[in-house]
2 protein chains.
Amino acid sequence: MYISAKVDYAVRAMCAVADAGDRPVTAEALASSQGLPPKFLESILNDLRRAGLLRSQRGAEGGYRLARTAKEITVADIIRPLDGPLAEVRGLRPEAANYEGAAAHLQDVWVAVRSSLRSVLEVVTLADIVAGKLPNSVVKLTTKADAWVSR
Amino acid sequence: MYISAKVDYAVRAMCAVADAGDRPVTAEALASSQGLPPKFLESILNDLRRAGLLRSQRGAEGGYRLARTAKEITVADIIRPLDGPLAEVRGLRPEAANYEGAAAHLQDVWVAVRSSLRSVLEVVTLADIVAGKLPNSVVKLTTKADAWVSR
DNA sequence: TACTAAACCTAGTAATCAACTAGGGTAAGT
DNA sequence: ACTTACCCTAGTTGATTACTAGGTTTAGTA
């Protein structure tokens, strides 16, 4: 799974917006507080607004705030409008592929992959990240042996 | 996670090789039995050989066979030499990124993502796929509610 | 009413990657 | 010698990634 710069920046910005509570935060403030390229971030914020995750206000005293509470926005909610489905096989949904012969059961593997991604990304909310308290099932994954080492 | 054509084809071909047991299988036979583009497949098989997953024999009666038993080759073993690490954040390993402020704990999320991918891809072997009997922990994922529906 | 802050929009660009294809060289059997 | 089949280098086309430039519109403030 390749987490694109776009998605990484988006989640970080969303965390910062969540952290500000009700006050609107400007794109520039987000860019400098998280160290993100300003113009690129602007276009991402726009996408997030169109996706219904942010509300914006123009003009002086303007900025962005969450369209829902931080508890109601998962990481998957942010990824999908920006990068598309969590898992795809050659541009197809895992359940759409069809395999023959010895590889007939490969489809189950890709479905399992998607399912496992969902069990993290659809469960972790912005509120969890900002508070630094991830759900137990997710913490369990990060504390597995070798979870922090490269392969 | 985007499963590239390359990886998809590679796993399918490896399944077909595994299915043939000890007999060497030609690239052409693999291409036609799995419906893959012949020349593209050839370059993939070459990569797999360089990665130490396949052994090849030239000339008449030649072809490919597994370098290890089907039980000892996981899907992750196939993905990594072709597409690189299972999870990357903007080209970095999840444990390498460092986040500040409200997004400080985002790193844990990406590590959890990688861990969850590993729990599928490092566990399923070619033997499992060919036999159609995936490990229990993986089957559990495919039988979750909505595991087969798009979001 | 002017001024200014800030979101909004269109467009463009350089570099990389994905998914192939072409065509010849080399080794191994018959 | 002949054929089969792997091996190797190179190239192509289109899309995607990660940005940047520059102007337009809206909304508060002096």
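All chains are named by letter (A, B, ...) in the order of the sequence lines, taking the proteins before the strands, and each is independently numbered beginning at 1.
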Starting at [atom1] of [X] and ending at [atom2] of [N], how long is that distance when rounded to a whole Å?
X: Glu28(A); N: dT4(C); atom1: CD; atom2: P; result: 16 Å
X: Arg55(A); N: dA7(C); atom1: CZ; atom2: C1'; result: 15 Å
X: Glu88(A); N: dA15(D); atom1: CD; atom2: C1'; result: 14 Å
X: Asp83(A); N: dA18(D); atom1: CG; atom2: C1'; result: 12 Å
X: Leu92(B); N: dA18(D); atom1: CG; atom2: P; result: 11 Å
X: Arg12(B); N: dA19(C); atom1: CZ; atom2: P; result: 13 Å
X: Tyr64(A); N: dA6(C); atom1: OH; atom2: P; result: 12 Å
X: Leu54(A); N: dA7(C); atom1: CG; atom2: P; result: 11 Å

| message | Does Ile129(A) form a side-chain contact (heavy atoms from CB on, under 4.5 Å) with Val124(A)? I'd like the steps, not just the answer. | response | CA-CA 7 Å; Ile129(A) 301 173; Val124(A) 176; 3.7 Å; yes
For residues [X] and [Y], report the shortest heavy-atom separation together with the two atoms involved.
X: Val149(B); Y: Arg118(A); result: O-NH2, 2.8 Å
X: Gln107(A); Y: Trp148(B); result: CD-CZ3, 3.9 Å
X: Met1(B); Y: Leu117(B); result: SD-CD2, 3.8 Å

key: From CA spacing to verdict: side-chain contact (heavy atoms from CB on, under 4.5 Å), Tyr2(A), Asp83(B)   = CA-CA 10 Å; Tyr2(A) 187 81; Asp83(B) 272 13; over 6 Å; no
Per the under-4.0 Å heavy-atom filter, residues of residues 39-52 of chain A near DNA chain D come out as Lys39(A), Phe40(A)
Checking the side chain of [X] only, and the main-chain atoms of [Y] only, is there a donor and an acceptor separated by less than 3.5 Å?
X: Arg114(B); Y: Ala147(A); result: yes
X: Ser119(B); Y: Ser116(B); result: yes
X: Arg12(B); Y: Gln34(B); result: yes

Protein and nucleotides 27-30 of chain D: nitrogen or oxygen contacts under 3.5 angstrom:
residue	atom	partner	partner atom	Å
dG28(D)	OP1	Gln57(A)	NE2	2.5

message = With a 4.0 Å limit, can you tell me whether Tyr2(A) has a side-chain N or O closer than that to the phosphate oxygens OP1/OP2 of dA18(D)?
response = yes
**Message:** Go through it in stages, so that I can follow the logic: the residues are Asn46(A) and Ser43(A), the test is side-chain hydrogen bond (donor to acceptor under 3.5 Å, both in side chains), and I'd like the CA-CA distance, side-chain angles, deciding distance and then a yes or no.
**Reply:** CA-CA 5 Å; Asn46(A) 234 292; Ser43(A) 74; over 6 Å; no
